[in-house]
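Comments concern the structure below.
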Amino acid sequence: MATRTVRREQEMKFGTQMTPNGVRFRLWAPLVPSVELEVDGWSLPMKQDVRGWYEVEVPGVNHGSRYVFCLPDGKKVPDPASRYQPEDVDGPSEVIDPLAFEWTDLGWRGRPWEECVFYEVHIGTFTPEGTFRAAAEKLGHLAELGITALQIMPLADFAGRWNWGYDGVSLFAPDSSYGHPEDLKALVNRAHELGMMVMLDVVYNHFGPKGNYIPLYAPILNDKDTPWGPGLNVDGDNAAVVRDLVLTNARFWINEYRFDGLRFDALHAIEDSGPKHLIQDLAEQTRAASDGRHIHLIAENSHNQASWLRRRDDGTPWLYTAQWNDDLHHSLHALVTGEDQWYYQPYAKRIDLVAKAFAEGFAFQGEYLARENRMHGEPSAFLPPTAFVSFIQNHDHAGNRPAGERLGQLMPREAARMLAALYLLSPQIPMLFMGEEWGASTPFCFFSDIKELGEVIRKSRLEELKDFPEASKARHIDPMSEEAFRICKLNWDERSSLASAEMLDLYGDLLKLRASVLTPRLVGMEGHSGASDVLGAEAFQVRWTLGDGSTLNLAANLGATPQKGEWRDLAPLWCEGSFTEDALGSYTALFWLS
């Protein structure tokens, strides 16, 4: 019997649309009096309407045709809603027929949020080849490990051959260095076949510094600077179409590429003084984009605004499903490594913040933060622990270091094992960073290939690293070099070493235990379910009331010195490290149910 397939397309007013006779091209360009289309060597005038839209339908144009828009001054620009940029951001756009790809994931509805175990990947460094097709071949390893959701760093086409992805300018076009749009669909399709969700990191607070031609013909930007350049015009004159572009893009990834949710980069950097904040619009429209599938929305928000994570009476998210919990990462990292530079400074030697972040989500919930010269965060104890995504490393916190060191290079092996147990068995939703499961030795550095801005990027990078010790800065790798990109590629052969095999076994066992014992009890967890106690300068205890009424207990010693106490008459669910009736050993995480 032949495999049943389905073809999918999102119809939209931006960019290209396949028609019975050819292709319709549309461009919003209210700042210019005329626009011509060049496609496959032909030049055609586009018809203008009163709202600044230009349109033309061209018979005979097909999947694979190349095109550009010609402005009155002779400038030729790509389509801002291009589905593919085969010659990078400055080259022509390519017509993509979304119906050319045959999906085999009929009946896929995603997975409930409580089952999520995320795995963050950068496509370019996840495999030696750095492509979508190569990544798809590794999904079996992740599924066997216990990963249920792939978290992909931004894919919007960026300038140059390598980049983290946060400098994207063609929001609808997966970067051509990773492969063709159909290759990305094949990756998502394969993940679904393995029972794995796929989430995409998207950036709506700014455009990259090179390749954004929209300001030449449309008021896409405002005068509100973000740390990365001008913000998007989401609340000024003509903002309605700009907002629509962003909202259409979010729906596009959900519908045309079948992503199971989105992670929104730096939502705190989106300024909107209009009657309805874009952050709310994004959540409402994205969540409603697909009827019948589990769609999960994750915020990055350094202001710790718990209000965006509120739950309805039935426990389902009102807007955002969860937020990346930087507070938990920072407090754990600072205490275990002893580092107190840069953003770790407010968390240094604060075991109380570690305990609070595990029990209540945010460590800072409205207290004054001298480093930021403002009150930081909002109360979060009213949220269930599943409103937070926890991690012990990710792209930022490795890449923000001078040499991109991973956790394994910063602490004893037993400390890294203890941290893995801590966050994989807590009720917060865990996220691994690629290679973490075998203790990868390859770094993850900051890298960029925007040659025209090389010196600016180098100087900016050095300024960011000024607080690091001189010994660390001496290992700084030039972010504009090919080496910075090349050395970050995972070495999959490392997994065969004894040390890597032991770490893989640890992660596999922890994730099996999570799936069998903890995950079923996460459903129905409510706010105010966690309570904590400080046991010493490096030790704490947390109790969580789970959804079935049982209690999950954690006693942890994050230091090398044993911690006195009383832990008797308990049946350990897991002990990483060691304990006796009156002491926790060094680097110990002890879990039990009651």
Side-chain angles (χ1 to χ4, degrees), residues 85-89 119-138 141-142 150-168 174-180 183-184 187 201 208-211 393-410 432-462 464-465 468 472-497 500:
Q85 289 295 118
E87 300 176 30
D88 210 0
V89 297
Y119 189 92
E120 188 188 21
V121 301
H122 177 270
I123 293 295
T125 56
F126 181 50
T127 63
E129 301 86 349
T131 64
F132 296 128
R133 293 284 180 177
E137 295 175 1
K138 300 297 186 185
H141 158 77
L142 302 185
L150 198 66
Q151 173 70 65
I152 301 179
M153 288 174 64
L155 298 175
D157 202 276
F158 50 77
R161 296 164 292 176
W162 47 78
N163 194 282
W164 273 15
Y166 298 93
D167 290 326
D175 194 84
S176 58
S177 66
Y178 302 145
H180 193 271
D183 297 332
L184 174 56
L187 170 61
D201 199 336
K210 183 178 185 297
Q393 52 190 323
N394 66 18
H395 74 273
D396 264 332
H397 307 310
N400 285 341
R401 305 183 66 81
E405 302 99 324
R406 289 168 173 264
L407 208 59
Q409 285 83 56
L410 302 175
L432 289 68
F433 184 56
M434 60 179 194
E436 174 188 324
E437 70 274 25
W438 73 76
S441 65
T442 48
F444 190 75
C445 308
F446 177 76
F447 46 79
S448 174
D449 188 39
I450 307 177
K451 294 182 176 61
E452 295 85 345
L453 298 172
E455 286 310 308
V456 173
I457 291 173
R458 288 186 180 99
K459 290 178 181 178
S460 172
R461 183 71 176 153
L462 289 173
E464 289 178 355
L465 300 176
F468 274 86
S472 295
K473 287 190 284 188
R475 299 193 300 271
H476 171 59
I477 297 173
D478 179 6
M480 302 304 298
S481 66
E482 183 173 356
E483 179 195 17
F485 171 65
R486 180 182 52 78
I487 65 174
C488 295
K489 287 181 176 286
L490 286 181
N491 178 7
W492 287 79
D493 292 338
E494 283 186 322
R495 295 180 303 157
S496 61
S497 73
S500 292

Heavy-atom pair of closest approach, residues [X] and [Y]:
{"X": "Trp162", "Y": "Ser448", "value": "NE1-O, 3.5 Å"}
{"X": "Cys445", "Y": "Cys488", "value": "N-SG, 3.0 Å"}
{"X": "Ala403", "Y": "Pro443", "value": "O-CB, 3.4 Å"}
{"X": "Asp201", "Y": "Gln151", "value": "N-NE2, 3.6 Å"}
{"X": "Ile487", "Y": "Ala484", "value": "CG1-O, 3.8 Å"}
{"X": "Leu407", "Y": "Gln393", "value": "N-OE1, 3.2 Å"}

Side chains of [X] and [Y] in contact at under 4.5 Å (non-hydrogen atoms):
{"X": "Thr127", "Y": "Glu137", "value": "no"}
{"X": "Asp183", "Y": "Thr131", "value": "no"}
{"X": "Val121", "Y": "Ile152", "value": "yes"}
{"X": "Ile457", "Y": "Met480", "value": "yes"}

To the nearest 0.5 angstrom, please state how far the [atom1] atom of [X] sits from the [atom2] atom of [Y].
{"X": "Leu490", "Y": "His122", "atom1": "CG", "atom2": "NE2", "answer": "11.0 Å"}
{"X": "Leu184", "Y": "Arg133", "atom1": "CG", "atom2": "CZ", "answer": "10.0 Å"}
{"X": "Glu129", "Y": "Lys489", "atom1": "CD", "atom2": "NZ", "answer": "8.0 Å"}
{"X": "Asp167", "Y": "Ile450", "atom1": "CG", "atom2": "CD1", "answer": "4.0 Å"}
{"X": "Met153", "Y": "Met434", "atom1": "CE", "atom2": "CE", "answer": "7.5 Å"}
{"X": "Ser460", "Y": "Glu455", "atom1": "OG", "atom2": "CD", "answer": "12.0 Å"}

Less than 6.0 angstrom separating the ring centers of His141 and Tyr119, yes or no?
no
Please check if the distance between the ring centroids of Trp164 and Phe485 is under 6.0 Å.
no
Can any side-chain N or O of [X] pair as donor or acceptor with the backbone N or O of [Y] at less than 3.5 Å?
{"X": "Glu494", "Y": "Trp438", "value": "no"}
{"X": "Asn400", "Y": "His397", "value": "no"}
{"X": "Gln85", "Y": "Asp157", "value": "no"}
{"X": "Arg406", "Y": "Ala398", "value": "no"}
{"X": "Arg495", "Y": "Trp492", "value": "yes"}

Among Phe433, Tyr166, Phe444, which residue meets the ring-ring contact (aromatic ring centres under 6.0 Å, His included) test with His395?
Tyr166
Audit row: Lys451, Asp449, salt bridge (charged side-chain N to carboxylate O under 4.0 Å, His left out) steps and yes/no:
CA-CA 6 Å; Lys451 294 182 176 61; Asp449 188 39; 3.0 Å; yes
For Tyr178 and Leu187, run side-chain contact (heavy atoms from CB on, under 4.5 Å): C-alpha distance rounded to whole Å, both residues' side-chain angles, the deciding distance at 0.1 Å, then the answer.
CA-CA 11 Å; Tyr178 302 145; Leu187 170 61; over 6 Å; no
